[in-house]
Protein chains: 2
Amino acid sequence: MARNDLSPTRTPVKVSEATIQRLPVYLYRLQALQKHGVRRVSSRDLAAQVRVKAAQLRYDFRQFGGFSRPGQPYDVDHAVRRLREILGLAVPVNCIIAGLGNLGQAIANYAQFAQDGFNLVGLFDINPKLVGYSIRGITIEDIDAMPAFIGQRGVQLGIIAVPPEAAQSVAERMAGAGIRGIWNFAPVDLRLPPRVVLHDEFLSVGIMSLRFKVKALLENGGGF
Amino acid sequence: MARNDLSPTRTPVKVSEATIQRLPVYLYRLQALQKHGVRRVSSRDLAAQVRVKAAQLRYDFRQFGGFSRPGQPYDVDHAVRRLREILGLAVPVNCIIAGLGNLGQAIANYAQFAQDGFNLVGLFDINPKLVGYSIRGITIEDIDAMPAFIGQRGVQLGIIAVPPEAAQSVAERMAGAGIRGIWNFAPVDLRLPPRVVLHDEFLSVGIMSLRFKVKALLENGGGF
DNA sequence: TAGATTGTTAATCGATTAACAATC
DNA sequence: TAGATTGTTAATCGATTAACAATC
């Protein structure tokens with residue numbers, strides 16, 4: 001493939017899940033440096049701050065053509081721009097939340113998302129007590145209104161925070177209405193057409209694996 | 001190492017992070033089968049349901065001695081017991097939450113945790129408007145009361161849901177008071193003594209990686 | 001220039017998978 | 001028994017890392 005082909009950043013056909021998960025971590029750290037007025041940072045320093053090896057960070061960046069030139073540390077502003085572009089944060093997308101129990105409300109109230117180009121445009125629930133109630137200026141509607149809303153507003157991402165029993169049905173309605181990606185908090189293995197990207201966020205997995213590691217540490221005093 | 005050494009399940013010294021993260025997923029699926037009255041399940045079927053290869057599931061189980069014998073499918077009840085034991089869910093642990101904004105409250109209200117042996121015993125916040133308020137029968141106390149509380153109640157796990165700026169200080173106070181593990185929701189790279197296990201739960205990473213995958217899918221029509 | 005630092009490659013490491021003997 | 005299925009090993013695959021030439 002030619003070196004400078006067309007658009008500033010071509011997404012490589014194959015990027016590992018591990019790399020994808022590290023990109024937002026790099027971005028967060030770089031934005032924190034930016035806030036502190038840091039202009040340039042080496043792969044060694046940045047990597048140490050997010051607990052990865054410098055070689056890994058450079059290898060990750062290189063998959064998108066690299067962010068600098070040999071001998072020159074990274075320009076913080078430039079790296080932030082590149083990462084935001086790579087992750088797609090530069091172009092705002094419309095999102096909706098299905099399920100406004102405690103977790104759904106917490107997500108809806110998380111203001112940071114707006115800054116990263118996640119436009120929350122709709123909230124849906126099946127509970128009549130919640131329908132009509134507003135969060136951050138958005139009125140909760142009945143879940144039956146969701147499919148039409150997705151089509152009309154061009155909603156790309158759906159967030160599922162409904163109880164496990166309802167998750168598959170909600171996911172199917174999202175997929176049927178043309179949604180592109182689903183961020184699923186319900187501890188259920190959803191079945192979806194392959195054109196819809198699924199990202200599971202099983203919080204219980206987090207605390208259970210923490211507990212396993214604590215147990216292992218106490219038992220063998222280090223390592224797992 | 002001898003085959004049947006002592007306690008029913010010895011935790012191997014080295015279990016990969018990937019395996020650790022899959023154990024709770026197996027457990028959830030098996031519990032769902034249990035609820036549906038299923039008594040036995042093959043590695044092939046169980047693996048398909050959680051979208052892993054059967055060989056991987058067997059390899060995961062084998063790290064803890066295996067859950068059955070050649071020719072015999074897994075006994076669902078037995079596998080559930082083994083997994084709960086392996087993960088340490090059989091022995092209840094005391095947990096606290098620091099930070100009761102939207103996210104902290106959502107976690108506090110998540111009832112499922114109690115069933116998995118996570119006893120929520122304390123809630124702490126710095127905001128005087130929240131102190132004194134109760135969630136699920138637990139009164140929110142001032143964060144300054146946290147260290148003594150950890151020692152007195154033998155709290156093992158701390159959940160950090162405070163703003164990023166406050167996270168490092170809260171984490172240090174938890175660590176100083178003898179906590180064993182921290183489940184951190186603040187998008188910050190915490191520095192902790194190695195005797196404290198840290199599990200980061202950066203929700204933004206989830207939605208950002210979802211967005212990246214959606215973008216990649218639209219650009220190259222498949223693969224990443 | 002000399003020291004620092006990136007991009008890049010090849011070697012290493014570790015996780016996944018296929019294959020099959022042992023067992024029900 | 002014959003078919004199904006696990007435990008187990010070795011082969012494969014992919015991710016991480018060390019090393020260094022190129023460049024500032």
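Bear in mind that the values here come from a model prediction, so they are computed numbers and not experimental data. Chain identifiers are assigned alphabetically (A, B, ...) following the order of the sequence lines, protein sequences preceding nucleic acid strands; residue numbering begins at 1 within each chain.
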Checking side chain to side chain donor-acceptor pair (under 3.5 Å) for the pair Gln49(B)/Arg29(B): CA distance, chi angles, key distance, verdict? CA-CA 8 Å; Gln49(B) 288 168 24; Arg29(B) 191 67 214 133; 2.8 Å; yes

Discussion item. Please classify the nucleic acid contact of Arg40(A) as base, sugar-phosphate, or nothing, using heavy-atom distances under 4.0 Å.
Written reply: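 The residue Arg40(A) makes no contact with any strand.
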
Gap between atoms [atom1] and [atom2], on [X] and [N] respectively (whole Å):
X: Arg44(A); N: dT17(D); atom1: CZ; atom2: C1'; value: 17 Å
X: Tyr26(B); N: dT6(D); atom1: OH; atom2: P; value: 13 Å
X: Leu57(B); N: dT16(C); atom1: CG; atom2: P; value: 12 Å
X: Asp45(B); N: dA4(D); atom1: CG; atom2: C1'; value: 12 Å
X: Phe61(B); N: dT5(D); atom1: CZ; atom2: P; value: 15 Å
X: Asp60(A); N: dT9(C); atom1: CG; atom2: C1'; value: 16 Å
X: Tyr59(B); N: dC20(C); atom1: OH; atom2: P; value: 19 Å
X: Phe64(A); N: dG7(C); atom1: CZ; atom2: P; value: 13 Å

Side-chain N,O ([X]) to OP1/OP2 ([N]) below 4.0 Å:
X: Lys53(B); N: dT17(C); answer: yes
X: Ser43(B); N: dT6(D); answer: yes
X: Arg62(B); N: dG7(D); answer: no

Under 3.5 Å, is there a donor-acceptor pair between the side chain of [X] and the main chain of [Y]?
X: Arg82(B); Y: Phe64(B); result: yes
X: Asn119(A); Y: Val121(A); result: no
X: Gln31(B); Y: Val80(B); result: no

Which of the following nucleotides, [options], is nearest to the side chain of [X]?
X: Ala18(A); options: dC20(D), dT6(D), dT16(D); result: dT16(D)
X: Arg58(B); options: dT6(C), dT8(D), dT17(C); result: dT8(D)
X: Ser42(A); options: dT5(C), dT17(D), dT8(D); result: dT5(C)

Taking DNA chain C as the partner, which of residues 66-77 of chain A come within under 4.0 angstrom of it by heavy atom?
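Result for residues 66-77 of chain A: Gly66(A), Phe67(A), Ser68(A), Arg69(A), Pro70(A), Gly71(A), Gln72(A), Pro73(A), Tyr74(A), sorted by number.
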
Hey, is Arg84(A) close enough to Asp116(A) for a salt bridge, meaning N to O under 4.0 Å?
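Yes, charged N to carboxylate O under 4.0 Å.
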
Before accepting this row, confirm whether a basic side-chain N of the pair Glu219(A)/Lys215(A) lies closer than 4.0 Å to the acidic partner's carboxylate O.
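Result for this pair is yes, salt bridge flagged.
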
| message | Testing the basics here: between Gln105(A) and Leu100(A), what is the closest heavy-atom pair and its distance to 0.1 Å? | response |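 In this case the closest contact between Gln105(A) and Leu100(A) is NE2-O, 3.0 Å.
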
May I ask you to check whether Phe61(B) and Tyr26(B) place their ring centers less than 6.0 Å from one another?
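Yes - the distance between ring centres of Phe61(B) and Tyr26(B) falls below the 6.0 Å cut-off.
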
field: Gln168(B) side chain near Arg173(B) side chain, heavy-atom distance below 4.5 Å
entry: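 A side-chain contact is absent here, since even the closest heavy-atom pair is not under 4.5 Å.
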
Quiz item: When you look for runs of 3 or more Watson-Crick or G-U pairs in a row, both distances below 3.5 Å, which of them include DNA chain C?
Solution: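 Only these stems qualify: C:3-24 with D:3-24.
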
Query raised in the report: Cation over ring, Arg40(B) on Tyr74(B), under 6.0 Å and within 45°?
Result: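 No cation-pi geometry.
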
